Amino acid sequence: MASSTPKHAILHGLNDAQRRAVTSDAATVAILAGPGSGKTHTLTARVVWLVDHVGFRPEDVVVATFTVKAAREMKERIGRALGNGRENKIVLGTFHSIARRYLAAYGRHIGLDQKFGIADSDDSRAIITRICKRFQLSVDAAAARAWISKQKAKGTEAASAAARKDAAKLPGQRDLETCYREYQRYLETSNLLDYDDLLVRCVELLRKFPSCVSNVQTVLIDEYQDTNGVQYELMKLFAQRHQRITIVGDPDQSIYGWRSAEIRNLWRLLQEFPSTDEVSLEENYRSSQSILHLSLLVIQQDKKRYQKALKPVHNRGSRPVLRKLKSAATEAEWIVSEIRRAIAMSGSMLTHNDIAILLRSASLSRHIESSLGKAGIAYRMVGGFKFYDRAEIKTLLDYLRVIHQPENNDALARIMNVPRRGIGEVTIKSLLEEAETSGLSLWAVLSKHCRGERTAKTKLTKHAEQRLSGGLLRPLTDIRRRVGEASGPNGTPFGLVQMIEHLLSVLSFEKHLLASHPDDHEQRWANVQEFISLAADFVRDLDRSGDDFLPEIEGLQQTKEAEVLPRFLANVSLASDAQTGDDGQENKPLVTISTIHAAKGLEWPVVFVPAVYNGSIPHVRAEDGDEERRLLYVAMTRAQCLLYLSWPVFGSNGNGERNELSPFVAPVSGSFLDKGPCFDRPVMGEVARILQRKLPPESTIFGGLPALFNPEDNLFPVDPEHSKQEASAGFNGEDGRSGVVVPRAKRPRLQGPPTDQNGGDEAPWRREYTTTMEQSSAFTIASLPGFVSVGAHQAAIAAANAAPGVTQTTDTVKRSTTRRPADQKSILGFVRSNSGPARPAATALPSARMDTALQARQPTGVQPPQCSPAKQAIDPALSGHRLKTGKLLNRPTAASDGDSGKRKQYACFSSSPPRPAAVEDDTGTNTAEVEDDERPEPTRAAACLHVTTCNLPKGLGVGFRRPAGLGRENITPIERLRKPFKPLTISRS
DNA sequence: CTTTGCGGTCTTTTT
DNA sequence: GACCGCAAAG
């Protein structure tokens, strides 16, 4: 074996199912698993396996993720495992960035100008608004934009089918189409691609010139449930040569439906690649049992979902909290008080880094940010406002874009009067119109006018003309020229940073800021400085690890991307956020505030999910209620040890509007604590075990408590309304029918006045027994004494598994089957049987083993790889994923659900984990084991406290470049491929 | 024609 | 609390 990494090292620390997924020799592998089951870890290991063990060249492996953050993390992890910087050769990134890379290299084959720019959402909005005005279209610009984006995202296959179907449709349709057409025409003349175009054009490229990807051996996709139509096509096209695809996903975490993500793509894949090896990972290594239990109670309200097993590995932990507060402001204060309490009562075992506040909308952060700020707690905000969205940064970027692409009318129009040049809105609009109707670019109109070659129809004052010519056109032309010279032999280097600095001085940018933002010009100027250092970092990282390397393919000309500027601009457009440099500010612990969407794939020991009221989750404007529920599920399953949901009873817009508890939470509200848990020794001990940390001795903890510290969560009334009889009683009606075991909501005990409860209560943390660190090893089972490292523990399990006689492995571990449990059907089978018209779901293959399931789809499996057969198999109701909760039209299972709550017979899926409350958590199975692979990276402190930037380790955002042709032996891809696959380590019967 | 000041309107999620 | 449209002053 020519493996650089020994096999056992790749597989080290993986459980059986993960191992099977990693080593599977099937061409297509689908890994379906719930949160915290090590999906990404498994995918990473498979990449390493494919490279080091199977022998694919890294540059022949494509790994696509959905978000920039995921791509960064993936790259870092692969880098750690692979070493030698080989991760830089892998074609790894978001779908959009990979597509851009291919278009930059080969785009001219499909007639794409090499210097194409990327139109961001602001650009497209502006363009579409203008088009709607000019053509007097009777459509809302925003709606048109959404429609156009949907059209593109559908993918060509679906689009052509749809086109036939609704040929004659709504009256608005015509206008929409006109708008679409004009929009595309405009983008083309400005040499711009919008986000969707990147994918669409790449599909076109790979379809017409398959040789571009002829080297690709295998394709791996993370968060597959979020792919949309085009991305699905793109995936297949990348893999067109060898059809080797590995996907990882979880239908329950599909939260991008609004961006045209299609869960259906999962069925579609299984349909089109019938011999796909399905692997499910069932152990949850992240959360405590009680967190998992409650999360499942929430997600199971969706009766149409494909149910997967999810087995907690950890101990029970403390029950999640559902806290009711008076207002959003109180809620924020309460969060601060709980953060302080948790940290203090853990003796600083927990730090701010361990805490996340996850929001449905970024705008909800206002109160929370101000409370944290008042309390002096440092935080960072992920998602929401972005660094590059700041006005001053956008202006600078627009200047850079115009330097790069003079024909970018929108950018030019935006900067024409910034800094002020005495040119108003009206003039600019008129000039833009003139440019568009005359077929010239705005730049051309202006420069011709100023040179006297052609007089613009629009009147310009002498003053404006002068400033335009001297302050805009000339300097930019000048910069452009100097960039050109720099690439010559002896030219003085005029790098990106110099360019920006030059620009700043030519524009007197600091003065401009002072004039236009007298209040906060300092902050804004600081942002500009930050921007410069970002650019410097980018240039440096480009030198170090390179970017955008695509392997050479024989007989196919690549366009080399030489210039820094276009790459910088592309990086900005495609990166969701800036990575700030390592400017001073050591690793100060920061609380994370994030949108739920941006938190996917991450985990924290302590998670707050505020604003769980109707209108926030589910959001008022949300179209798909089930998706909103999944969103809540994603948020809840980020938590490892402590989970807090909360909601303000009264809306914050003054007029005493009442909120309603989220309907996803209300039915199970009784399963929550109504206030923060008492952090006594056992509770904190469990936290420590889950996190594998050392809990300081009690003396240290109490010694460190500030004076007058309140050890309980009783600063705020449990029922802020004082009325004892309202609450959530109304929601319990459905429970019996839906079969969810819900303890009756407990009436919150009436609390005394919030202030004076301290002395009276018996101090709950002062237990009779003291559990010291040493004694706490007794919590864990004898065979694995004390706190062990993950690696050691995994090794122990592995060893135990290897020796069949040894019984000390826990039940949980032993049952970590490598396949679906006996009563869990293939996900494809699930779809099939659900789509059957009157088939009682419960009887459908009640004990289908995988083999039978496989057989079941074999006959139909041989199908033309078109989407039509797949469509047939999908229950339309399901594919829409739009079924309302509780409207369970007389399902035959309803009856069986009702009776004795032993083990629910879910319609054709597995035994599923809502563990009855009676299950003992101390069966000795739960050693403190943790898979830390999905722990968020420690992040650097922001430059200042309240900046909303996300700091990630540097050097990971950029792609990679390698001197072409270096270090590559003359082994053709084909020969590589011929290498025998390693036989499976796990026997399959 | 541009700038400034005022009042009414809305507030998802991301590449 | 930020953004748009409108009216009046420079």
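For clarity, every value in this text was computed on a predicted model and none was experimentally measured. Here is the naming used below: chain letters follow the sequence lines, and residue numbers restart at 1 for every chain.
The separation between A/Met381 atom CE and B/dT13 atom P is 8 Å, rounded to whole Å. Between the C1' atom of B/dT13 and the CG atom of A/Leu632 lies a distance of 14 Å, rounded to the nearest Å. Distance A/Ile118 CD1 to B/dT14 P: 18 Å, rounded to the nearest Å. Straight-line distance from the CD1 atom of A/Ile255 to the C1' atom of B/dT13: 8 Å, rounded to whole Å. Regarding A/Leu631, its CG atom lies at a distance of 10 Å from the P atom of B/dT14, rounded to whole Å. In this structure, CG of A/Leu359 is placed 19 Å from P of B/dT11, rounded to the nearest angstrom. In this structure, A/Leu199 places its CG atom 18 Å from P of B/dT14, rounding to the nearest Å. Here the P atom of nucleotide B/dT14 and the CG atom of A/Asp226 are 12 Å apart, to the nearest Å.
Between A/Thr67 and A/Ala622, the one whose closest nucleotide on DNA chain B sits nearer the 5' end is A/Ala622.
With hydrogens and angles left out, the side-chain atoms of A/Glu262 and A/Tyr232 include no donor and acceptor closer than 3.5 Å. No side-chain N or O of A/Gln231 forms a donor-acceptor pair with one of A/Lys236 less than 3.5 Å apart. Of the N and O atoms on the side chains of A/Asp194 and A/Tyr183, at least one donor lies less than 3.5 Å from an acceptor on the other residue. No hydrogens or angles considered: a donor-acceptor pair under 3.5 Å links the side chains of A/His449 and A/Glu465. Between the side chains of A/Asn408 and A/Ser190, no donor N or O sits under 3.5 Å from an acceptor N or O.
Put simply, A/Thr595 has a side-chain N or O that comes within less than 4.0 Å of OP1 or OP2 on B/dT14. Applying the 4.0 Å criterion to OP1 and OP2 of B/dT13, one finds that A/Arg259 has every side-chain N and O outside that range.
Remark: A/Arg630 does not engage A/Asp252 in a salt bridge, criterion side-chain N to carboxylate O under 4.0 Å. Salt-bridge check for A/Arg259 with A/Asp226: failed, with every basic side-chain N at 4.0 Å or more from each acidic carboxylate O. Contact check on A/Arg401 versus A/Asp123 returns a salt bridge, with a Lys/Arg side-chain nitrogen under 4.0 Å from an Asp/Glu carboxylate oxygen.
Of the candidates B/dT15, B/dT11, B/dT14, the closest approach to any side-chain atom of A/Arg621 belongs to B/dT11. Across B/dT14, C/dG1, B/dT15, the shortest atom-to-atom separation from the side chain of A/His597 is found for B/dT14.
Taking the ring centroids of A/Tyr224 and A/Phe66, they lie at or beyond the 6.0 Å cut-off. Taking the centre of each ring, A/His597 and A/Trp258 come in below the 6.0 Å mark. Aromatic ring centroids of A/Phe238 and A/Tyr102 lie under 6.0 Å apart.
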- request: Could you walk me through whether A/Glu223 and A/Val248 pass the side-chain contact (heavy atoms from CB on, under 4.5 Å) test, one step at a time?
  value: CA-CA 6 Å; A/Glu223 304 282 15; A/Val248 151; over 6 Å; no
Whether each nucleotide of nucleotides 1-8 of chain B has a protein heavy atom under 4.0 Å at its base (B), only at its sugar-phosphate (S) or at neither (-) is summarised, 5' to 3', as SSSS----
In 5'-to-3' order, the base (B), backbone-only (S) or no-contact (-) status of each nucleotide in nucleotides 4-10 of chain C, using a 4.0 angstrom heavy-atom cut-off, is -------
Per-residue pairing states of DNA chain B in dot-bracket (Watson-Crick or G-U under 3.5 Å; . unpaired, | other strand) read ||||||||||.....
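Contact annotation for A/Phe95: no contact, since no heavy-atom pair falls under 4.0 Å across all strands. Counting any heavy atom pair closer than 4.0 Å across all strands shown, A/Thr461 reaches no nucleic acid atom.
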